[in-house]
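Heads up, the thing below is written out as structure tokens.
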Amino acid sequence: MIVLITTVSINPAIDKTLVIDDFNIGSVNRVTKLRVDAAGKGINVSKGIQKLGGKSKAIGILGGNAGMFIQNELDTMKIPNDFLYINGETRTNIKIVDNKNHLITDINENGPLISEHDLEKFQIKVKDALFISSVVVFTGSVPKSIDKDIYGKLIGSANSKGIKTIVDADGELLTEAIKEGPDIVKPNIHELGKIFSKEIKTTEEIVHYGQKIIKNGVNHVVVSRGEEGAVFVSKSKVAVVQGIDVEVKSTVGAGDAMVAAIAVAVDNNYSFEETIRLAVAASAASVMQEGTQFGSIEDINSLKKKVNFKILEGGL
């Protein structure tokens, strides 16, 4: 039996990236470049795992022509997948890249309504996948019709089988997941602030609130903060990581690239320091690409040498 990293995508999407040299609101804009990707955070993570030489299975919920496009793309990439098909249409998210003003505008659909019957079938699919999973990644949004404790419930099932779990979500989805004690959570600095209803600005605050999450039964908290780098918090160590200076073409998939690298590191029992280097390099390599593409292995290996961090035993 092949054991895989399973990625869970309850609300995947087609990402349509429109490059416009000078985007003007309320005017006719001409697209200079168009890119269409099978996406959603979990699917992006599966693509990243494949690039890093890992094995994953993407499971999720799809519908309509957009859903078929996503599955065909994954089949073409030879990424194993198992989706529940429902009535309705998988969402399409628009990314507008303004080259002149160096701005990216996201226009995201909510996704289809999921019936209670379909959700029950999907939960069974996830629980069946646990029998071949070493790590399960829960990431991204869910449609409005699904309760925010869904990740928490599924994490509880994974925990009962001793399977490691990673969560990259926002708001109530994340806070409910934390209650079940996943192995790793990866909020960005703004998402961390939402958990505690506080604007977090300093490294000291990131560490303080990261350690609060650790006390809830989480083993590792990884807080990304864009070009300023990241902070990795564990039960015994804190690592403050500097950002890497690279040419930024798109920040859309940076967090997903980091999660993919962390999943591969966990699956291969990498050390704390090895995990940091791979995760930060993968994220930086991703922003060098257009759309939601994962960075090249050559770029990742080169950037790993440029990752600088300070280890603080026991915190600040």
Side-chain angles (χ1 to χ4, degrees), residues 1-17 34-95 107-115 117-146 150-151 154 166 168-169 252-253 255-257 259-260 263-264 286 289-294:
M1 179 179 69
I2 298 175
V3 178
L4 304 162
I5 301 168
T6 297
T7 64
V8 177
S9 299
I10 300 179
N11 202 21
I14 290 176
D15 271 3
K16 183 177 285 188
T17 304
L34 170 67
R35 180 177 180 88
V36 180
D37 294 296
K41 295 178 74 64
I43 288 171
N44 291 340
V45 171
S46 270
K47 291 191 287 187
I49 290 167
Q50 184 189 58
K51 272 286 189 78
L52 291 168
K55 296 183 182 298
S56 80
K57 186 172 189 177
I59 64 175
I61 299 175
L62 294 176
N65 291 328
M68 287 190 286
F69 171 83
I70 289 172
Q71 184 165 22
N72 288 338
E73 287 290 294
L74 291 177
D75 288 343
T76 299
M77 289 184 272
K78 295 183 167 49
I79 294 176
N81 59 83
D82 183 16
F83 290 96
L84 174 70
Y85 269 85
I86 62 166
N87 292 326
E89 189 75 21
T90 293
R91 64 195 179 126
T92 296
N93 294 336
I94 307 296
K95 317 288 183 187
I107 304 170
N108 292 352
E109 296 179 6
N110 289 321
L113 293 176
I114 311 296
S115 70
H117 177 64
D118 283 336
L119 182 59
E120 287 174 359
K121 289 198 291 186
F122 179 68
Q123 287 176 290
I124 291 170
K125 188 180 287 292
V126 175
K127 289 173 183 177
D128 288 344
L130 297 179
F131 291 101
I132 60 163
S133 300
S134 55
V135 180
V136 183
V137 180
F138 299 96
T139 182
S141 66
V142 300
K144 288 184 175 180
S145 55
I146 295 180
I150 181 64
Y151 286 162
L154 296 172
I166 301 171
D168 180 11
V252 175
D256 303 332
V259 172
V264 169
S286 171
Q289 309 297 315
E290 293 180 345
T292 54
Q293 299 177 81
F294 199 79

Any sub-3.5 Å donor-acceptor pair from [X]'s side-chain atoms to [Y]'s backbone N or O?
X     : Y      : value
Lys41 : Ala169 : no
Arg91 : Glu109 : yes
Asn93 : Ile14  : no

Nearest 0.5 Å please: distance from the [atom1] atom of [X] over to the [atom2] atom of [Y].
X      : Y      : atom1 : atom2 : answer
Gln50  : Met77  : CD    : CE    : 7.0 Å
Asp15  : Thr17  : CG    : OG1   : 6.0 Å
Ile124 : Leu119 : CD1   : CG    : 10.0 Å
Ser133 : Leu4   : OG    : CG    : 7.0 Å
Asp118 : Lys121 : CG    : NZ    : 5.0 Å
Ile43  : Asp256 : CD1   : CG    : 10.5 Å

Please give me the minimum heavy-atom distance between [X] and [Y], naming the atom from each residue.
X      : Y      : value
Ala263 : Val137 : CB-CG2, 4.1 Å
Ala39  : Pro12  : O-CB, 3.7 Å
Val8   : Phe122 : CG1-CZ, 3.8 Å

Residues that [X] engages under side-chain contact (heavy atoms from CB on, under 4.5 Å), provided they are two or more places apart:
X      : value
Pro143 : Ile10, Asn11, Ile114, Ser145, Ile146
Ala260 : Val45, Ile49, Phe294
Ser46  : Thr7, Ser56, Ala58, Ile79
Ile94  : Lys16, Leu18, Thr92, Ile96, Ile107

Any residue meeting side-chain hydrogen bond (donor to acceptor under 3.5 Å, both in side chains) with Thr139, in chain and number order, not counting sequence neighbours: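 Testing Thr139 for side-chain hydrogen bond (donor to acceptor under 3.5 Å, both in side chains), a comparison that skips the adjacent residues, returns none.
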Please set out all donor-acceptor pairs under 3.5 angstrom arising from side-chain atoms of residues 60-74, sequence neighbours excluded.
{"unit_1": "Gln71", "atom_1": "OE1", "unit_2": "Tyr85", "atom_2": "OH", "d": "2.8"}
{"unit_1": "Gln71", "atom_1": "NE2", "unit_2": "Asn81", "atom_2": "OD1", "d": "3.1"}
{"unit_1": "Asn72", "atom_1": "ND2", "unit_2": "Met68", "atom_2": "O", "d": "3.2"}

Listed once per pair and sorted, the salt bridge (Lys or Arg N to Asp or Glu O under 4.0 Å) pairs that draw on residues 125-140, sequence neighbours left out: Asp82-Lys125
Listed partners of Lys144 passing salt bridge (charged side-chain N to carboxylate O under 4.0 Å, His left out), at least two apart: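 By the salt bridge (charged side-chain N to carboxylate O under 4.0 Å, His left out) rule, Lys144 matches no residue at all.
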Verdict with reasoning, Tyr151 to Val142, per side chain to side chain contact (heavy atoms under 4.5 Å, CB included): CA-CA 10 Å; Tyr151 286 162; Val142 300; 4.1 Å; yes
Flag side-chain contact, heavy atom, 4.5 Å: Lys51 against Ser286: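 Result no, sub-4.5 Å side-chain heavy-atom pair not found.
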Lys95/Asn108 under side chain to side chain contact (heavy atoms under 4.5 Å, CB included): CA gap, chis, key distance, verdict: CA-CA 8 Å; Lys95 317 288 183 187; Asn108 292 352; 3.5 Å; yes
